[in-house]
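Whatever order the structure lists them in is the order used to number ligands and atoms, beginning at 1. Each residue takes its place number in the sequence, starting with 1.
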Amino acid sequence: MKTILVIADGLAGRPDDTEAGTCLQVAKTPTIDGLVSRGTAGLMHPIKPGVRPGSDTAHLSLFGYDPYQYYTGRGVFEAAGIGMELSENDVSFRTNFATIDPDGKIADRRAGRISEGQEELEEALSGLTSEKYPDVEIRFKTSTEHRGALSISGDGLGGNVTPTDPHELGVPIPQSQGLDERSSKTADVLNEVTSQARDLLESAPINVQRREEGKLPANAILSRGAAKYPDIPPVEEVYGITASVVAAGALYIGVARVAGMEYIPVEGATGTVDSKIINKAKAALKELDRGKDLVFIHMKGTDNASHDHNAEAKVKFIEKIDETFAWLDDNIDWSETHLCFTGDHTTPINYGDHVAEPVPAMAIGPNVKPDNVEKFDEYTAMNGGLGTFNGQILPITLSYSDQLKKFGA
Ligand SMILES: [Zn+2]
């Protein structure tokens with residue numbers, strides 16, 4: 001048996017998303033409704049009732065991991081998501097290239113959303129070292145635009161440090177503080193690296209050129225989201241399965257990689273409403289053909305549109321997901337595959353951020369007992385056979401596929 005888990009980020013909404021109800025209610029989704037008619041639905045509290053989930057903690061919970069036990073911070077997922085190989089000696093940060101003015105104050109937290117020269121900037125930072133702790137290894141990798149990740153690696157480093165990104169302008173870069181003894185060493189290194197990066201970037205040819213062109217130089221890095229590598233057992237160990245992830249956003253790729261899933265890049269997948277998500281579906285079935293037990297497909301557009309308060313874009317993206325499901329429905333071998341579709345949290349259009357309310361979820365496949373739900377949205381899911389539950393949608397679906405280990409004798 002095979003399993004496909006599809007998560008549309010921020011899928012669920014509130015009654016006032018549009019004049020006619022939530023975006024899921026308004027969107028025309030004949031395929032998804034057809035699938036749920038053959039399957040079962042329920043309402044999922046991503047972590048537990050009354051907890052506003054971050055996307056990272058929600059995904060851990062959906063995969064069956066207790067985020068209160070395993071979550072160390074966002075930085076490690078961002079770093080893993082852009083391809084850094086990490087281990088338990090690493091403390092990772094997500095970073096921004098920023099512009100510092102001649103008075104040493106932050107003039108732009110994103111260096112004018114710098115769109116080129118990432119390779120040169122990464123090259124300029126390839127020589128970062130700690131003079132105070134020469135045994136510590138420092139790595140830096142750029143991602144898209146101003147984004148990147150920093151990893152500090154060595155024995156006895158704590159991850160409990162304050163950020164060097166103050167999230168405001170007109171102030172100098174703050175010194176990082178370690179909140180315990182082991183983390184003081186990490187903060188010392190981070191402060192050294194931050195000041196070294198300023199010198200290295202200031203003189204980098206790409207910044208000389210940017211100044212000549214009247215553009216803001218990327219002459220500093222700001223770090224946040226400090227995270228020790230989490231002690232998460234891989235899905236292979238927990239469930240005895242092999243898995244791949246098909247996603248575009250670094251955070252989601254990172255959570256899945258840290259959970260032991262293999263990242264499969266997909267052409268045209270952008271992590272935005274314009275993403276060619278049909279290519280994700282095609283890549284997913286290829287992974288199952290290649291022998292993987294599970295494929296996790298992540299789609300981000302629903303959440304982007306919600307944060308932008310754009311109901312029309314969210315409805316359109318949900319309809320694009322429906323078209324993708326039409327292709328999947330035609331091409332999945334339903335005699336041996338279970339499919340699950342849900343979101344990682346509710347992101348209402350008017351509120352524009354994650355809230356604690358539950359999300360509809362559904363499962364389809366040969367071992368699923370169909371219930372009476374015939375349309376898929378926040379209301380109908382209340383009446384489904386899965387009932388109301390907390391996270392754990394992956395193990396719930398794996399059980400249908402006979403891929404779950406027994407608890408006890
Ligand atoms: Zn999310």
Side-chain angles (χ1 to χ4, degrees), residues 5-14 17 22-24 43-68 70-78 80-82 94 143-144 147 224-225 227 230 232 245-259 261 263 269-275 277 280 296-311 313-315 317-318 320-321 340-362 378 381 390-394:
L5 170 65
V6 182
I7 298 177
D9 214 278
L11 175 66
R14 279 181 175 165
D17 280 351
T22 71
C23 293
L24 254 179
L43 267 191
M44 177 182 67
H45 293 281
I47 295 174
K48 59 182 182 180
V51 175
R52 283 181 64 201
S55 284
D56 43 12
T57 50
H59 275 77
L60 286 177
S61 179
L62 268 56
F63 293 165
Y65 300 101
D66 177 358
Y68 292 98
Y70 292 112
Y71 185 63
T72 56
R74 180 170 181 164
V76 65
F77 298 132
E78 294 281 351
I82 63 171
R94 52 196 301 232
S143 170
T144 51
R147 303 175 193 91
R224 63 192 199 278
I232 293 175
V245 49
V246 176
L251 184 64
Y252 315 95
I253 297 167
V255 178
R257 282 192 72 209
V258 171
M261 300 183 196
Y263 166 57
T270 59
T272 67
V273 289
D274 303 321
S275 185
I277 53 177
K280 292 185 178 178
F296 156 48
I297 305 176
H298 181 267
M299 298 170 179
K300 176 74 175 145
T302 29
D303 195 52
N304 295 351
S306 308
H307 282 276
D308 292 343
H309 308 286
N310 189 340
K314 187 169 181 177
V315 167
F317 191 75
I318 292 170
K320 186 153 82 169
I321 294 175
C340 165
F341 176 47
T342 187
D344 61 338
H345 47 75
T346 297
T347 313
I349 293 295
N350 289 308
Y351 187 66
D353 203 349
H354 311 180
V355 296
E357 285 123 64
V359 180
M362 68 183 202
E378 296 86 342
N390 298 346
Q392 303 281 333
I393 191 68
L394 177 59

*Identify, with sequence neighbours excluded, every residue that meets side chain to side chain contact (heavy atoms under 4.5 Å, CB included) alongside Y263.*
V245, I253, R257, P265
*If the plane angle is over 60° it's perpendicular, under 30° parallel, otherwise tilted; pick one for H354 and H345.*
parallel
_Y71, Y70, F296 screened by ring-ring contact (aromatic ring centres under 6.0 Å, His included) with H59, the one that passes_ = F296
*Close side-chain approach of M299 to F341, heavy-atom, < 4.5 Å*: no
_Among the N/O/S atoms of D344, which is closest to the Zn ion (ligand 1)? Give the atom name._
OD2
*Could you check which N/O/S atom of D9 is closest to the Zn ion (ligand 1)?*
OD1
*Verify the distance test for T347 against the Zn ion (ligand 1): any N/O/S atom under 2.8 Å, yes or no.*
no
*Taking both backbone and side-chain atoms into account, decide whether H345 has an N/O/S atom under 2.8 Å from the Zn ion (ligand 1).*
yes
